[in-house]
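In what follows, chains are A, B, ... by sequence order, proteins preceding strands, each numbered from 1.
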Amino acid sequence: MLRVRFAPSPTGFLHVGSARTFIFNWLFARHHRGTMILRVDDTDVGRNTEASLNSIFDGLRWLGLGWDEEYRQSERLALHREMAQAIFAKDLAYRDFTPAGAADTERSGEHGTWLFPPGMRELSRAESDRRAASGEPFALRFRVPRESGRVIHFEDGVFGEQSKSTADIEDFALLRSDGMPTYHLASCADDADLRISDIIRGQDHITNTFKHIQIFEAAGVEPPRFAHLPLLVAPDGAKLSKRKHGPVVSVTTYRDAGFLPHAFLNFLCLLGWSPKNDRERMPLVELTLAFTLEGINRSNAVVNFSEADPFDPKAVWLNAETIRGMGPGALAEALTPFVTRAGFEVSPAKMALITPLIQERIRLLSEVTTVGDFFFAKQLAPYDAAELIPQKGDAAMAARALEKGAAVLATAEFRHDPLEQALRAASVELGIKAGQMFQPVRVAVCGRKNAPPLFGTLEALGRETCLERIGQALEKLKTI
RNA sequence: GGCGCUAUCGUCUAACGGUUAGGACAGAGCCCUCUCAAGGCUUAAAUACGGGUUCGAUUCCCGUUAGCGCUACCA
């Protein structure tokens, strides 16, 4: 039975890179009818926060994929210590009494770092036991074979054959001096206990894998298969980070900006993975069917955002496409929270009228209040009266069009087709082009030149509002 | 510094060693049209560099350069 896990540590919000790792694991699990496990890697008690945990769960729930089993590392400490003890018992680990951080200064010299703490590796067992018994704190370090010249090998599901000499691997810690397991130990102990068959994680772990394989071997466990994912980077090439790149690296930022979960997920899938058949917009089932490790490439992918444009244009396009593909009812429902959040009230009936008018004009759900603000606002935002003047016309023409428009709208049946007929007829009567008739009316009711189709807009706005706004526009015209 | 990884249009990517190096987004232009969108058509845009191997390299090998990652008692 294939088992994979996603193992976030609750030390920050859910990162887009983490979200992608989750999605790829999920797709891999579903593709192979395996089990998806969520494991919270919370052994760094100093850095864990409740807010972070919430952010991660919020983000994952928003994605809507779900998982089959859930664990928390902090509840499994006994298991981790047991494994550490077993490794220590085989003398494959040793106590390091160097005070935490004390070696940092000497190790950060010109030419890098040492592979193991001076003196500690060679400490006799008797001496080690004596100091431990006296209560002196110590970290437990893995004893990487030094003289053997051994080379660790593994076959990476994405990067292929990997190898590294043990001579280049430092004696990493298993247990901290407070007794808490480190990531390496806890992760391996849990992966072994949970019978994880495939570890799919970021490429930043590729060098850690050589350590992990040694832990599995020391514990007498068959290591799982590994596959590493290329990293998501910013346009400057650096790994995405909150400090450097701001909220664009958080999944909740995308949610709050009005991305649909599937569009976001679809976008992430296209970063570093390809179905190799030119397909881009894909429903979940297709993604699940198509997803293989072979489709993952090896170079980092740029998330193409900027200060001017906080979201990758491709993500935005995918979202716009997804919005266009939605049924009007579902879209109206998705849009409503964004309307109310902006401080407007709207009835479901009016929302049903507005939605088709803006459906292909918004790329993000949040744009409902920028593209369609005039549908919701009681008062139109101030606009330049000159906008009312049609092409090849003047203020007088605008005034005639508006007066005629008001007259027509006062009696017309307020539905799309009758409105169009009435307004077209009005333009003929005035001896002006249809566009010269529509333009002043559009600006009068919308407050701007670029707006959704006029007749549907008038219908959604209703007679009273339209007439009121045309009246205001006529007043405005007098100021020219 | 050491170790590891990577390198095709601006970005995401495709191409059994043989293609006019394909697609998508973004850009430009045209068409459609009540404006804006959407849609349709067209267009510009790439194999980092240098050596091999080969009849033939985007593709295989080596080197250079550049970038990234790891080098914590973080994960």
Side-chain angles (χ1 to χ4, degrees), chain A residues 7-12 41-44 46-47 96 98-104 107 109-113 115 137-141 156 159 162-165 167-170 172-184 186-187 201-211 228 230-231 233 235 237-239 267 270-281 297-304 309 312-318 320 324 357-363 371 390-391 420 423-424 427 433-439 441-443 446 448-455:
Chain A
S9 63
T11 55
D41 279 9
D42 55 354
T43 56
D44 187 355
R47 298 203 308 154
D96 175 8
T98 313
D104 286 357
R107 71 159 44 162
E110 302 289 300
H111 298 290
T113 170
L115 261 16
F138 62 86
L140 192 70
R141 278 184 190 280
D156 190 280
F159 288 89
Q162 301 291 313
S163 64
K164 185 167 183 167
S165 168
D168 294 319
I169 302 171
E170 72 278 7
F172 53 94
L174 259 20
L175 247 28
R176 301 184 237 264
S177 48
D178 63 2
M180 285 294 282
T182 62
Y183 160 71
H184 300 301
S187 178
R201 77 231 294 197
Q203 194 231 50
D204 44 349
H205 285 295
I206 205 160
T207 43
N208 286 333
T209 305
F210 298 103
K211 299 173 186 169
H228 291 88
L231 263 23
V233 299
K239 188 164 117 172
F267 167 67
L270 263 16
L271 255 24
W273 173 79
S274 164
K276 301 189 188 294
N277 59 3
D278 284 346
R279 291 277 298 158
E280 300 212 295
R281 276 198 63 195
N297 60 30
R298 300 177 177 185
S299 47
N300 294 345
V302 174
V303 180
N304 198 11
D309 230 330
D312 191 306
K314 192 106 175 204
V316 174
W317 172 76
L318 240 12
R324 282 174 219 131
L357 295 172
I358 59 170
Q359 181 154 18
E360 59 187 31
R361 291 175 176 72
I362 56 173
R363 292 127 74 227
V371 169
Q391 283 282 305
E420 174 162 11
L423 254 15
R424 282 193 190 276
S427 72
K433 291 186 173 178
Q436 292 174 316
M437 179 74 209
F438 301 158
Q439 165 83 342
V441 176
R442 171 181 295 111
V443 174
C446 299
R448 70 173 97 101
K449 283 179 175 169
N450 298 341
L454 184 57
F455 314 112

*Asks:* Can you check whether A/T182 has a side-chain N or O nearer than 4.0 Å to OP1 or OP2 of B/rA75?
*Replies:* no
*Asks:* Give the nucleotide from the list B/rC73, B/rU35, B/rA75 with an atom nearest to the side chain of A/R141.
*Replies:*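 Nearest listed nucleotide: B/rC73.
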*Asks:* Please report the shortest heavy-atom distance between A/R424 and A/A434, naming the atom on each side.
*Replies:* NH1-CB, 3.6 Å
*Asks:* Quick one: label A/F138 by what it contacts on the DNA or RNA (base, sugar-phosphate, nothing), any heavy atom closer than 4.0 Å.
*Replies:* nothing
*Asks:* Hunt down the Watson-Crick or G-U wobble partner of B/rG17, both distances under 3.5 Å, from any strand shown, or write none.
*Replies:* none
*Asks:* If the P atom of B/rU8 is compared with that of B/rG40, how far apart are they to the nearest Å?
*Replies:* 29 Å
*Asks:* Checking A/T209 against A/R201 for the side-chain contact (heavy atoms from CB on, under 4.5 Å) test, could you report, in this order, the C-alpha distance in whole Å, the side-chain angles of both residues, the deciding distance, and whether it holds?
*Replies:* CA-CA 10 Å; A/T209 305; A/R201 77 231 294 197; 3.1 Å; yes
*Asks:* At under 4.0 Å between heavy atoms, what does A/E420 touch on the DNA or RNA strands: base, sugar-phosphate, or nothing?
*Replies:* nothing
*Asks:* Which nucleotide wins on minimum distance to the side chain of A/T207, given the candidates B/rC25, B/rG69, B/rA75?
*Replies:*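 Among the listed nucleotides, the one closest to the side chain of A/T207 is B/rG69.
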*Asks:* Are OP1 or OP2 of B/rA14 and a side-chain N or O of A/K276 less than 4.0 angstrom apart?
*Replies:*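 Yes.
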*Asks:* Using every non-hydrogen atom in the two residues, find where A/Q162 and A/I206 come nearest and quote the distance to one decimal.
*Replies:*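 For A/Q162 and A/I206, the tightest heavy-atom pair comes out as OE1-CD1, 4.0 Å.
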*Asks:* With a 4.0 Å cut-off on heavy atoms, is A/E170 in touch with a base, just the backbone sugar-phosphate, or nothing at all?
*Replies:* sugar-phosphate
*Asks:* Using the side-chain heavy atoms of A/S299, tell me which of these nucleotides is nearest: B/rC12, B/rC5, B/rA7.
*Replies:*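 Between B/rC12, B/rC5, B/rA7, the one nearest the side chain of A/S299 would be B/rA7.
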*Asks:* Could you please name the option among B/rG22, B/rU6, B/rC12 that lies closest to any side-chain atom of A/D278?
*Replies:*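 Shortest atom-to-atom distance from the side chain points to B/rG22.
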*Asks:* Just call it for A/R324: base, sugar-phosphate, or nothing, with non-hydrogen atoms closer than 4.0 Å on any strand.
*Replies:* sugar-phosphate
*Asks:* What is the nucleic acid contact for A/G46, judged by heavy atoms within less than 4.0 Å: base, sugar-phosphate only, or nothing?
*Replies:*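 Touches nothing.
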*Asks:* Can you tell me the Watson-Crick or wobble partner of B/rA28, both distances under 3.5 angstrom?
*Replies:* B/rU42
*Asks:* Considering every strand shown, what is the Watson-Crick or G-U wobble mate of B/rA7 when both distances are under 3.5 Å?
*Replies:* B/rU65
*Asks:* By nearest atom, which of the nucleotides B/rA75, B/rC12, B/rU13 is closest to the A/N297 side chain?
*Replies:*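 The listed nucleotide nearest to A/N297's side chain is B/rU13.
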*Asks:* Which nucleotide sits closest to the side chain of A/N450: B/rA26, B/rC12, B/rC36?
*Replies:*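 Out of B/rA26, B/rC12, B/rC36, the nucleotide with an atom closest to A/N450's side chain is B/rC36.
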*Asks:* Picking from B/rU35, B/rA37, B/rG69, which would you name as closest to the side chain of A/K239?
*Replies:*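 Output: B/rG69.
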*Asks:* Choose from B/rA75, B/rG69, B/rU11 the nucleotide whose nearest atom is closest to any side-chain atom of A/L231.
*Replies:* B/rG69
*Asks:* Pick base, sugar-phosphate or nothing for A/H205, based on heavy-atom distances below 4.0 Å to the nucleic acid.
*Replies:*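 Base contact.
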*Asks:* Apply side-chain contact (heavy atoms from CB on, under 4.5 Å) to A/F455 and A/L423, showing your working.
*Replies:* CA-CA 9 Å; A/F455 314 112; A/L423 254 15; 3.9 Å; yes
*Asks:* Atom CZ in A/F267, atom CG in A/L318: separation rounded to 0.5 Å?
*Replies:*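 The distance works out to 8.0 Å.
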*Asks:* Check the phosphate of B/rC25 against A/N304, side-chain N and O only, distance under 4.0 Å to OP1 or OP2. Yes or no?
*Replies:*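 For B/rC25, neither OP1 nor OP2 has a side-chain N or O of A/N304 closer than 4.0 Å.
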*Asks:* State whether the number of non-hydrogen atoms from other residues, nucleotides or ligands found under 6.0 Å of A/R363 atom CZ is greater than 12.
*Replies:*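 No, the 6.0 Å shell around CZ holds no more than 12 heavy atoms from other groups.
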*Asks:* If the cut-off is 4.0 Å, is A/Q436 near the phosphate of B/rC34, judged by side-chain N/O to OP1 or OP2?
*Replies:*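 So the side chain of A/Q436 is outside the cut-off, no N or O lying under 4.0 Å from OP1 or OP2 of B/rC34.
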*Asks:* If we call it a pair only when both distances are under 3.5 Å in a Watson-Crick or G-U wobble match, what pairs with B/rU58?
*Replies:* none
*Asks:* Quantified in whole Å, what is the C1' atom distance between nucleotide B/rA44 and nucleotide B/rA28?
*Replies:*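 It comes out at 8 Å once rounded to the nearest Å.
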*Asks:* With heavy atoms under 4.0 Å as the rule, sort A/R361 into base, sugar-phosphate or nothing.
*Replies:*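 Here A/R361 touches the bases of the nucleic acid.
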*Asks:* Base, sugar-phosphate alone, or nothing: which one does A/A301 contact when heavy atoms must sit under 4.0 Å apart?
*Replies:* sugar-phosphate
*Asks:* The side chain of A/S177 lies closest to which of these nucleotides: B/rC73, B/rC12, B/rU35?
*Replies:*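 The listed nucleotide nearest to A/S177's side chain is B/rC73.
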*Asks:* Which residue lies toward the 5' end of RNA chain B, A/D168 or A/K314, if each is placed at its nearest nucleotide?
*Replies:* A/D168
*Asks:* With a 3.5 Å limit on both atom pairs, tell me what B/rG1 is paired to, counting Watson-Crick and G-U wobble, or say none.
*Replies:* B/rU71
*Asks:* Taking atom C1' in both B/rG17 and B/rU47, compute the distance separating them and give it to the nearest angstrom.
*Replies:* 15 Å
*Asks:* From the options B/rC12, B/rC70, B/rA26, select the nucleotide whose nearest atom is closest to the side chain of A/P313.
*Replies:*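 For the A/P313 side chain, the nearest candidate turns out to be B/rA26.
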*Asks:* Begin from the C-alpha positions of A/K314 and A/E280 and carry the test side-chain contact (heavy atoms from CB on, under 4.5 Å) through to its verdict.
*Replies:* CA-CA 10 Å; A/K314 192 106 175 204; A/E280 300 212 295; 3.1 Å; yes
*Asks:* Mapping A/I362 and A/V233 to their closest nucleotides on RNA chain B, which lands nearer the 5' end?
*Replies:*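 Of the two residues, A/I362 wins.
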*Asks:* Under 4.0 Å between a side-chain N/O of A/R424 and OP1 or OP2 of B/rC34, yes or no?
*Replies:*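 So the side chain of A/R424 is within the cut-off, an N or O lying under 4.0 Å from OP1 or OP2 of B/rC34.
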